[in-house]
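Note sheet for the following structure.
Bear in mind that the values here come from a model prediction, so they are computed numbers and not experimental data.
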Amino acid sequence: MSVITEVKQRLDIVELVSEYVTLQKAGRNFKGLCPFHSEKHPSFFVFPEQQSWHCFGACGTGGDILSFIMKKESIDFGQALRLLAQRGGITLSPLEAPDKAKDEKNERLFQINEAATEYYHHLLSSTKAGEATRNYLAKRKVTTETIEEFRLGFSPDAWEALKNYLLGKSYTEKELVEAGLIIEKEGGGSYDRFRNRLLFPIRDIQGRVTGFGARVLDDSLPKYINSPQTSIFDKSSNLYGIDKAKSAIKKKNLVIIVEGYMDVLTAHQHDWQNVVGSMGTSLTENQVEVIKRLSNNITLALDADLAGEEATLRGKAILAYSNADANVILLPPGKDPDEVIREDPALWQKLVEQAMPILDFAFQSVISKVDINKAKDKSLAVQKLLPAIYEIKDPTQKFHYVEKLARALKIRTSDIEVALQKLKTARKRPQLSKPTEQSRLARQFVSSAIEEYCLALLLQYPGLRPLAQELSPEHFESTENREVFVKWQHSSDISDLESGLDTSLLEHLYYLVNKIFPPAIRESERTRHFDLANCILRLQEKLSRKLETEKEATLEIEREKGGISSELSKLEEQGINSGQQLQDVFVKKGEKPWVQ
Ligand SMILES: [Zn+2]
């Protein structure tokens with residue numbers, strides 16, 4: 001039995017959650033005030049039979065014992081597993097040996113990066129060679145304190161400077177390659193990756209240097225380069241400045257996301273400590289995961305140019321999907337946050353205060369690009385914005401946007417409502433009869449089996465990847481499967497996945513990779529395609545069934561207590577006004593974000 005299974009069997013979710021939330025019995029289940037958002041009436045439920053939890057309020061999220069502790073303690077999967085294992089008196093022995101080796105290796109990489117940081121920083125702050133970079137930073141109004149705090153650095157215009165320095169510190173050439181600091185030549189030998197550049201050490205939430213961003217000082221290209229993917233650096237899950245921003249984010253319950261390194265430095269210098277950098281135009285799902293552990297209020301301050309808008313829309317789709325409260329700051333044309341904060345701090349303050357809800361931003365960027373005198377453009381705009389309107393829970397807000405769209409495109413609101421109705425019909429899942437107790441128990445095991453089967457297919461047959469676009473992390477209820485799926489989405493192959501995965505999940509990964517399929521699957525690509533499509537469908541059905549069961553359970557309880565009307569009126573307050581709509585709210589969670 002794997003440690004993950006053992007933890008799940010040994011520990012009781014009700015007991016664990018009780019330590020964080022005052023739970024009261026509600027029928028077969030328990031309810032309490034949600035620990036993840038503030039509320040007056042309990043909408044947070046724990047289901048002992050399924051060993052799961054769900055918030056029917058603002059968060060709309062749920063999961064198992066592992067995801068609860070991850071969210072509550074702001075820790076990752078590995079840390080959560082270790083914490084719970086310790087609690088349950090379970091030793092993590094079977095994988096201890098490879099774990100240790102890998103941890104030690106990574107520890108060396110962190111040390112190497114730290115040594116490189118100090119080397120580059122010394123060159124910048126105290127040598128003649130660093131003078132041009134110092135002047136550049138002074139021109140950009142970066143203070144000495146900021147240079148010190150963020151340990152900015154300068155890499156000299158030489159091929160082997162860092163390499164020789166670190167070899168002299170008894171690190172090996174192989175380790176320096178693994179850290180991404182030097183590049184191997186084809187015919188043998190190696191050279192420094194970063195030459196004649198301003199260096200930004202990138203740290204994880206714990207403050208360890210995972211990699212570097214590097215900028216040229218003149219107009220040569222590429223303007224920025226980064227460390228490559230290593231076993232400790234993954235650009236898609238790092239946020240520049242997160243280690244220094246985390247406490248301010250928690251305190252203010254707001255995170256502001258900017259794009260560039262300079263934007264972060266200037267913000268922090270001007271007392272905006274809750275600012276982090278996405279280090280690229282599009283915010284990734286992994287980054288959102290990291291942020292959401294700190295705050296659910298997210299403000300994006302991204303470039304107002306075209307590329308920025310497209311990227312922001314993608315980022316926003318992720319945010320919308322994750323139920324975060326997200327706003328967008330529209331910067332004056334041609335200005336970075338860096339410039340705005342420096343030149344006009346009052347304007348920046350005002351922009352933050354007046355940040356626009358994501359959907360208004362989507363409207364603005366879609367409608368500004370179409371010619372409303374053309375019928376084709378009109379329907380294109382409707383096509384792009386309709387799914388977003390469909391997702392809105394609150395009927396008043398929904399109507400607000402229906403009207404807004406009608407006004408902007410000079411069409412009738414009734415036409416949009418008809419289109420919404422069509423979308424609803426198209427998305428409706430088949431109704432299933434209420435499961436019996438026994439089938440519910442059986443399904444628990446079956447459901448996990450489908451998840452595993454689906455993952456094993458994807459892992460063993462890379463050709464199936466495009467089909468997996470239909471899947472989202474929500475489809476995997478078991479946290480271990482969800483973790484493997486999310487990491488797989490961002491990795492190029494198995495070994496890449498292996499190095500990105502927490503060591504506590506390797507045993508599970510190997511199990512999936514070695515799962516044996518029947519000959520029909522092994523031999524025919526067509527059968528595999530068919531099989532996976534079928535799996536995906538079942539996962540989608542499973543998710544909507546689960547949400548339906550949980551919803552039923554909450555209503556059942558209130559009915560037993562004669563409190564159904566108060567419960568319904570509470571749901572109405574949240575903008576859910578009928579059984580059908582209630583159903584839709586949960587069903588839709590199984591679907592794709594609204595922007596492709
Ligand atoms: Zn909640």
Side-chain angles (χ1 to χ4, degrees), residues 13-14 16-18 20-65 67-72 292 296 319-325 390-398 427-429 431-432 434-435 440 472-475 477 479 482 542-591:
I13 193 160
V14 177
L16 183 88
V17 172
S18 300
Y20 298 87
V21 182
T22 312
L23 291 175
Q24 47 185 132
K25 194 121 177 62
R28 283 196 303 267
N29 306 310
F30 294 86
K31 68 176 180 179
L33 295 174
C34 177
F36 306 117
H37 81 276
S38 75
E39 60 177 5
K40 289 199 191 81
H41 305 285
S43 54
F44 177 84
F45 281 80
V46 179
F47 306 94
E49 281 163 28
Q50 286 90 352
Q51 286 288 301
S52 69
W53 60 276
H54 193 93
C55 168
F56 291 91
C59 324
T61 50
D64 57 17
I65 198 166
S67 61
F68 179 84
I69 209 82
M70 282 164 74
K71 209 166 150 68
K72 194 64 208 131
K292 279 184 66 200
N296 237 3
L319 290 175
Y321 194 50
S322 335
N323 281 306
D325 193 355
Y390 176 83
E391 297 284 321
I392 304 170
K393 292 181 191 176
D394 184 297
T396 317
Q397 276 189 35
K398 194 174 216 159
R427 292 191 174 196
K428 210 148 99 186
R429 303 259 181 256
Q431 295 276 331
L432 288 137
K434 200 176 162 186
R440 194 180 291 175
S472 77
E474 302 276 307
H475 287 109
E477 282 171 47
T479 311
R482 187 178 292 190
K542 179 166 73 77
L543 180 63
S544 51
R545 264 205 315 271
K546 175 182 165 256
L547 294 166
E548 192 189 320
T549 314
E550 290 180 348
K551 177 205 71 188
E552 270 169 18
T554 62
L555 291 178
E556 211 171 83
I557 300 146
E558 294 303 323
R559 213 174 281 128
E560 277 165 19
K561 291 171 63 190
I564 183 73
S565 52
S566 77
E567 181 72 9
L568 275 179
S569 66
K570 212 161 62 212
L571 289 165
E572 254 162 30
E573 272 170 36
Q574 296 159 18
I576 300 161
N577 62 2
S578 72
Q580 184 54 56
Q581 224 181 329
L582 197 63
Q583 165 88 15
D584 291 341
V585 169
F586 303 121
V587 164
K588 81 155 208 284
K589 289 180 194 306
E591 287 170 3

Polar side-chain atom of [X] near backbone of [Y] as donor-acceptor pair, under 3.5 Å:
{"X": "Lys31", "Y": "Leu33", "value": "no"}
{"X": "Asp64", "Y": "Thr479", "value": "yes"}
{"X": "Gln51", "Y": "Ile13", "value": "yes"}

Item to check | Lys/Arg N to Asp/Glu carboxylate O, Glu477 vs Arg482, below 4.0 Å | outcome: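 No, this pair does not count.
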Next on the checklist: For Phe68, give me all partners under ring pair (Phe, Tyr, Trp, His ring centres under 6.0 Å), at least two apart in sequence or on another chain.
Outcome noted: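 In terms of ring pair (Phe, Tyr, Trp, His ring centres under 6.0 Å), with neighbours along the sequence ignored, Phe68 is linked to Tyr20, Phe36, Trp53.
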Next on the checklist: Between Glu39 and His41, is there a side-chain donor-acceptor contact under 3.5 Å, judged purely by atom types and distance?
Outcome noted: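 Result is no, nothing qualifies.
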Any non-hydrogen side-chain atom of [X] less than 4.5 Å from a side-chain atom of [Y]?
{"X": "Lys72", "Y": "Pro35", "result": "yes"}
{"X": "Ser43", "Y": "Cys55", "result": "yes"}
{"X": "Asn296", "Y": "His37", "result": "no"}
{"X": "Lys71", "Y": "Thr61", "result": "yes"}

Next on the checklist: I need the minimum non-hydrogen distance between Leu23 and Val14, along with the two atoms involved.
Outcome noted: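 Scanning both residues, the minimum pair turns out to be CD1-O, 4.0 Å.
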Checklist entry - If you take all heavy atoms of Pro42 and Gly32, which pair is closest and at what distance? => result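 Between these two residues, the closest heavy atoms are CB-O, 3.2 Å.
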Next on the checklist: For the CZ atom of Phe30 and the OG atom of Ser18, what is their distance to the nearest 0.5 Å?
Outcome noted: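 Interatomic distance, Phe30 CZ to Ser18 OG, rounded to 0.5 Å: 7.0 Å.
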Checklist entry - Taking the six-membered ring for Trp, are Phe45 and Phe47 parallel (under 30°), tilted (30 to 60°) or perpendicular (over 60°)? => result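 Ring orientation of Phe45 relative to Phe47: parallel.
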